[in-house]
S.K.: 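Here you go, one structure.
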Amino acid sequence: MEYNYNEIESRWQKAWREQGVYRTEEVEGRPHYYVLDMFPYPSGAGLHVGHPLGYIASDIYSRYKRLRGYNVLHPMGYDAYGLPAEQYAIQTGQHPAITTEQNIARYREQLDKIGFSFDWDREVRTCDPQYYKWTQWTFIQLFNHYYDEEQRKARPISELVSRLEGTEEWQRMTEGERQDYLMGYRLAYLADIPVNWCAELGTVLANDEVVGGLSVRGGHPVERKLMRQWSLRITAYAQRLVDGLEQVDWTDSLKEIQRNWIGRSEGAAVWFPVDDSQKFEIFTTRPDTIFGVTFMVLCPEHEMISQITTLEHREEVEQYVAWAKNRSERERQAEVKKVSGVFTGAYAINPLTEEKIPIWVSEYVLAGYGTGAIMAVPAHDSRDFAFARHFGLPIRQVVAPEKDAVSDPATWEESLDSKTGYSVNSGFVSGMKVKDAMAAVIDKIEEMGIGHRTVNYRLRDAIFSRQRYWGEPFPVYYKEGRPQMLPEECLPLELPEVGDFKPTATGEPPLGHAKVWAWDEQNRRVVETEKIDNKTVFPLELSTMPGFAGSSGYYLRYMDPRNDEAYFSKEAVGYWQNVDLYVGGAEHGTGHLIYARFWNKFLFDIGLAVKDEPFQKLINQGMIQGRSNFVYRSKQDNNLYISKGLIKNMADVTPIHVDINIVDNDVLDLERFKTWRPEFAEARFELEEGRYVCGWEIEKMSKSMFNVQNPDDLVARYGADTLRLYEMFLGPVEQAKPWDTGGIEGVHRFLKKLWKLYDYYLNNQNTQSNQNADLKVLHQTIKKITDDIERFSFNTSVSTFMICCNTLTDLRCASPEVLKPLLVLLAPFAPHIAEELWHRMGETTSVCTARWPECDEQYLVEDTVKYPVQFNGKMRFTLDLPAAATQQEAVEAVLAAPESAKWLGGKEPKKVIFVPKKIINIVC
RNA sequence: GCGGACAUGGCGUAAUCGGUAGCCGCGCCAGACUUAGGAUCUGGUUCCGCGAGGAGUGGGGGUUCGAGUCCCCCUGUCCGCACCA
């Protein structure tokens, strides 16, 4: 029988679907396990071979856990809202709902062909009203809660109100003032804040969506702009987000990325008086250097500037502030090393020395961090140092590496930023170690009542509005200019149809194009009127939520995806708890993975989620890069293409990307090249040994480089099982690697050999094999495969299968006791072939529901001749020798062992290698 | 600049606890079967050397009976952050 993978695979995929083998229900009494993939954005390009890498790994683990008797939740869905889907829709001129639907269908078709064990009954789509109802619901809860610093958790805003009600200040406020005041506490709040405005995309972006002053999506310039926006007070959770990292099983590098992003730093807040009536607060991590302050710097946005600037400096300062505000993010970041600033004419008083210190304004002080004002200590901060040098401000040394190592800062080439050493020229802390001086200065400041110990975070609140169409509408309307939440019973607030969904350059959201988009408060519904009277009919919020809104809680919804009464039932979350294993790219480290942790912690605080952390273990799959091929066109002759080996000088040729589908093993298919594109129809070639050899390079996988490997093509050519095994065989899942189909033949060959092995058994059932040897191979394989899967080393698993198959073939294995359990081991990796052979061996139930074989230790311990049985003509023994055994004793013990006689056949060993304590190696 | 990770044959990689370095696969070489081979099978393949033998895990040092693995320094590559006081 031929191994007809295409027929086998489609037949079993159909059967599994019809039998619903992957449907999951909450069953008491069985251990449960939740394996989750980061759900994909259904973009227009379809899946490429990089996408399934993580899905295959998680699928192997899910299937393994099932075979081990676990009740496994392994769902899949689509992150269908957000910028990429909308950009694609704009490019193709179609409505995003239609293109999204098409893209999802394409993704699903591609995913189905690879044979994943997803429970599709639990599919969620973030753009489905039944799903985003709960995204909107969570937003309302965020709005109605604040973060209680004492309890370190979210509490209803009503608790804050009842605490405030006793105060005189509260009683004096009007209702509007009270609302404005509470807005400063709500976890979802509306405020005028500096945002990343991207004119090209027509929307604001979160910090993680901007890199180097350009939008991650599309690479468009981003500018800073003050806009009234919804934000999530994620900063309230900064400390818990740092602390929670201790509890999860993630890589150290990803934890470190998150720690850096949150950017916790300890220090002090200190008030510096300007005169009797004015003062401003600064933040510093180096309170010990307060005696070295020679100037102060405010950020250009600082509200004190206009009040303190003296008349003679006013014009200059105003010019500077205006200039700084008009600079784009990119300009500012590109010129970080350029020093700029202006003197205000005002002076602050150093509270410890009573010195008068000039106050400057410079954009090197950022508005968003600390208080937007600093005390500058040029001797011990490189940025202050550069500023002082540029403007000729004094530099005073207050820290020295050794107690007497004081020198003239005028001779320094750089500042002394190190926190080791001793304080000098520093009043009452002189002579102390830096660490002690820090504590002493803070104590003094607290005692004087002019400051306190504090912690600052680099993390900013997450801007939550997008001036876009394709996203969740806010369940918000405006009454007297103040936001009101829709009643929860009225959710979901569905996204309306609009004629024109394109973004606008002015920041006017596309939802403004909807004629019917208003809220009738009394009748509790969206109304079809253009007349907003602000008495019974009120305007709705026109922004939509960002991409991360829908993806922040989807893993919880999978637990109970069709629930219409609640986000998810208490029973479902009580059963599944949280995600045991999460697989996805590390590029989400500072975005999704932070937001989702925040979202989960909030739901935990309000009693919905039952675990503080959403993702217990996390594996980051590496990115798969593309391998591009090039042809080389002669610069003299536009129709002449020179084979790579014949090029004398690369300057004489132009490399041109060529579609990898018309290249095989770097050899170009000349006829297909000529018909590939019209400009190559007249091509002539300079061949080496009759072939045209292409050049290659590792690049990002992209359509424009013609290096996209589509999984469908490989499935058609080799089968899904080969693709699955090969993606695992490429190397460790976590590692980034270029896609290279060069080795896929080897994996495919293995499956063909495996097929033959079973074919041999099925045709020769009466023959005998050395069952003891067969069992030894089986149990060694069970042990190795089980260990490999547990530590996510799937590439070595594939090698183990290959060795096992070769050895059993050599042994002419005819033992069903060996061949059947082997199929169970193989089922997570190559489910289709395993299922087919399983049935051919007479089984009637699915191999997906079999029991994982247990390793019988007796086949392992007796001797430890390792794989392969013939190990390059060597044998290895592991003996329990006394630690002090001499080589002579060890060799005698080995030669006395029955295995030795078998292997050496009475002859003397060629060589004996002795390793103290454990190992003896004998070369036969 | 700060933080993190990594570095092994021609290539992808393996070596799980500090104990044979190079498993498995690709590629390559030789052979078998074949009208044929881009099918299949067998053997070989770290480097130098005809050989005995020697060298060898980016470079240098250290710990150890023993180091790819642990420690220090350097070089290179990749990733994250980047005027965060």
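Numbered from 1 within each chain, the chains take letters A, B, ... in sequence-line order. Excluded from the calculations below are hydrogen atoms, water molecules and symmetry mates; all remaining heavy atoms, backbone and side chain alike, are included.
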S.K.: Work out how far the C1' atom of rC24(B) is from that of rA15(B), and round it to whole angstrom.
M.R.: 12 Å
S.K.: Tell me which of D252(A) and V798(A) sits closer to the 5' end of RNA chain B, going by the nucleotide each one is nearest to.
M.R.: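 Mapping each residue to its closest nucleotide by heavy atoms, the 5'-most match is D252(A).
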S.K.: Tell me yes or no: between the side chains of Y457(A) and Q239(A), is some donor less than 3.5 Å from an acceptor?
M.R.: yes
S.K.: Without decimals, in angstroms, what is the distance between D740(A) CG and rC11(B) P?
M.R.: 13 Å
S.K.: Write out a two-atom table: protein N or O, nucleotide N or O from nucleotides 79-83 of chain B, distance below 3.5 Å.
M.R.:
{"from": "rC81(B)", "atom 1": "O3'", "to": "R458(A)", "atom 2": "NH1", "distance (Å)": "3.2"}
{"from": "rA82(B)", "atom 1": "OP1", "to": "R458(A)", "atom 2": "NH1", "distance (Å)": "3.4"}
{"from": "rC83(B)", "atom 1": "O3'", "to": "R383(A)", "atom 2": "NH1", "distance (Å)": "2.6"}
{"from": "rC83(B)", "atom 1": "O2'", "to": "Y364(A)", "atom 2": "O", "distance (Å)": "2.6"}
{"from": "rC83(B)", "atom 1": "N3", "to": "V336(A)", "atom 2": "O", "distance (Å)": "3.1"}

S.K.: Which is true for R460(A) with a 4.0 Å heavy-atom rule: it touches a base, it touches only sugar-phosphate, or it touches nothing?
M.R.: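 Counting heavy atoms under 4.0 Å across all strands, the contact made by R460(A) includes a base.
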S.K.: Can you tell me the distance, in whole Å, between the CZ atom of F750(A) and the C1' atom of rA39(B)?
M.R.: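 Going from F750(A) (CZ) to rA39(B) (C1'), I get 20 Å.
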S.K.: Expressed as a whole number of Å, how far does the C1' atom of rU45(B) sit from that of rG37(B)?
M.R.: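 Here rU45(B) and rG37(B) have their C1' atoms 23 Å from each other.
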S.K.: Taking the side chain as C-beta and beyond, is there a heavy-atom pair between E727(A) and L714(A) under 4.5 Å?
M.R.: no
S.K.: With rounding to whole Å, what would you report as the distance between rU42(B) and rC33(B) at their C1' atoms?
M.R.: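 About 11 Å, rounded to a whole number of Å.
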S.K.: Using OP1 and OP2 only, check whether a side-chain N or O of N795(A) sits under 4.0 Å from rA14(B).
M.R.: yes
S.K.: Could you tell me whether the side chains of S340(A) and Y320(A) share a donor-acceptor contact shorter than 3.5 Å?
M.R.: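 Side chains of S340(A) and Y320(A): pair found under 3.5 Å.
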S.K.: Applying a 4.0 Å non-hydrogen cut-off, can you work out what P738(A) is touching in the nucleic acid: base, sugar-phosphate, or nothing?
M.R.: nothing
S.K.: If the glycosidic angle sits within 90 degrees of zero it is syn, else anti. Tell me which applies to rG9(B).
M.R.: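 For rG9(B), whose glycosidic angle is within 90° of 0, the conformation is syn.
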S.K.: Got a second to check how far I290(A)'s CD1 is from I445(A)'s CD1, nearest 0.5 Å?
M.R.: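 CD1 of I445(A) is found 4.5 Å from CD1 of I290(A).
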S.K.: Given the P atoms of rU64(B) and rU69(B), what is the spacing between them in whole Å?
M.R.: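 Comparing P positions in rU64(B) and rU69(B) gives a spacing of 16 Å.
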S.K.: Suppose you measure atom P in rG68(B) against the same atom in rC17(B); what distance do you get, rounded to whole Å?
M.R.: 16 Å
S.K.: Can R717(A) and D713(A) be counted as an ion pair, charged N to O under 4.0 angstrom?
M.R.: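 No, R717(A) and D713(A) are not salt-bridged.
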S.K.: Where does rC74(B) land, syn or anti, once you apply the within-90°-of-0 test for syn?
M.R.: anti
S.K.: What's the gap between rA14(B) and rA21(B) when it is taken at their C1' atoms, as a whole Å value?
M.R.: 10 Å
S.K.: Measure CE/M728(A) against C1'/rA14(B) and give the value in whole Å, please.
M.R.: 17 Å
S.K.: Please state the P separation for the pair rG66(B) and rG53(B) - nearest whole angstrom.
M.R.: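 The same atom, P, in both gives a distance of 24 Å.
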S.K.: Name the closest nucleotide to the P732(A) side chain, picking from rA39(B), rC41(B), rA14(B).
M.R.: rA14(B)
S.K.: Would one find a side-chain N or O of N806(A) under 4.0 angstrom from OP1 or OP2 of rG25(B)?
M.R.: yes
S.K.: Could you tell me how far apart E745(A) (CD) and rC28(B) (P) are, to the nearest whole angstrom?
M.R.: 12 Å
S.K.: Using a 4.0 Å heavy-atom cut-off across all strands, classify K756(A) as base, sugar-phosphate, or nothing.
M.R.: sugar-phosphate
S.K.: Students often get this wrong, so: under 4.0 angstrom with heavy atoms, is K783(A) touching a base, only sugar-phosphate, or nothing?
M.R.: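 If one applies the 4.0 Å heavy-atom cut-off, K783(A) turns out to touch nothing in the nucleic acid.
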S.K.: Is there a donor-acceptor contact under 3.5 Å linking the side chains of S265(A) and Y369(A)?
M.R.: yes
S.K.: Pick base, sugar-phosphate or nothing for S793(A), based on heavy-atom distances below 4.0 Å to the nucleic acid.
M.R.: nothing
S.K.: Can you tell if the side chain of R259(A) reaches within under 4.5 Å of the side chain of L245(A), non-hydrogen atoms only?
M.R.: yes
S.K.: Could you pull out all residues at least two apart from D417(A) that satisfy side-chain contact (heavy atoms from CB on, under 4.5 Å)?
M.R.: S382(A), S415(A)
S.K.: Looking at NE2 of H779(A) and CD of E857(A), how far apart are the two atoms once the value is rounded to the nearest 0.5 Å?
M.R.: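 Rounded to the nearest 0.5 Å, the NE2-CD separation comes to 10.5 Å.
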S.K.: Side chain of T796(A) only, please: which of rA85(B), rA14(B), rC26(B) is the nearest?
M.R.: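 Selected nucleotide (nearest to the side chain): rA14(B).
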S.K.: With the side chain of T285(A) defined as its heavy atoms from C-beta on, choose the nearest nucleotide among rC41(B), rA85(B), rC24(B).
M.R.: rA85(B)
S.K.: Between M623(A) (CE) and rA5(B) (P), how many Å, whole number?
M.R.: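 Those two atoms, CE and P, are 20 Å apart.
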S.K.: What I want to check is whether the side chains of D288(A) and S423(A) have a donor and an acceptor closer together than 3.5 Å.
M.R.: no
S.K.: Looking at rA39(B), rG4(B), rC24(B), which one has an atom nearest to any side-chain atom of R749(A)?
M.R.: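 Closest nucleotide among those given: rA39(B).
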S.K.: Measure CG/L754(A) against P/rC24(B) and give the value in whole Å, please.
M.R.: 17 Å
S.K.: Give the rounded distance in Å between these two atoms: CZ of F794(A) and P of rA14(B).
M.R.: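 After rounding, the gap between these two atoms is 14 Å.
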S.K.: Base, sugar-phosphate, or nothing: which does R259(A) touch, judged by heavy atoms less than 4.0 Å apart?
M.R.: nothing
S.K.: Does D384(A) reach a base, just sugar-phosphate, or nothing at all? Heavy atoms under 4.0 Å.
M.R.: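 No contact.
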S.K.: Is there a side-chain contact between Y726(A) and Y718(A) (heavy atoms, below 4.5 Å)?
M.R.: no
S.K.: Mark yes when over 12 heavy atoms from residues, nucleotides or ligands other than K617(A) sit less than 6.0 Å from its NZ; otherwise mark no.
M.R.: yes
S.K.: What contact category does N620(A) fall into here, base, sugar-phosphate, or nothing, at under 4.0 angstrom with non-hydrogen atoms?
M.R.: nothing
S.K.: Dot-bracket for RNA chain B, 5' to 3', with Watson-Crick and G-U pairs under 3.5 Å, [ ] for crossing pairs and | for other-strand pairs: what is it?
M.R.: (((((((..(((......[....)))((((((.......))))))(((....)))..(((((..]....))))))))))))....
S.K.: Of the candidate nucleotides rC24(B), rA85(B), rA15(B), which contains the atom at the shortest distance from the side chain of R791(A)?
M.R.: rA15(B)
S.K.: What is the distance, rounded to the nearest whole Å, between atom OH of Y726(A) and atom C1' of rC24(B)?
M.R.: 13 Å
S.K.: Starting from the 5' end of RNA chain B, give me the residue, S253(A) or G370(A), whose nearest nucleotide shows up first.
M.R.: S253(A)
S.K.: Distance between the C1' atoms of rC79(B) and rA85(B), in whole angstroms?
M.R.: 26 Å
S.K.: Looking at D787(A) and K783(A), is any side-chain nitrogen of the basic one under 4.0 Å from a carboxylate oxygen of the acidic one?
M.R.: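 Salt bridge present between K783(A) and D787(A).
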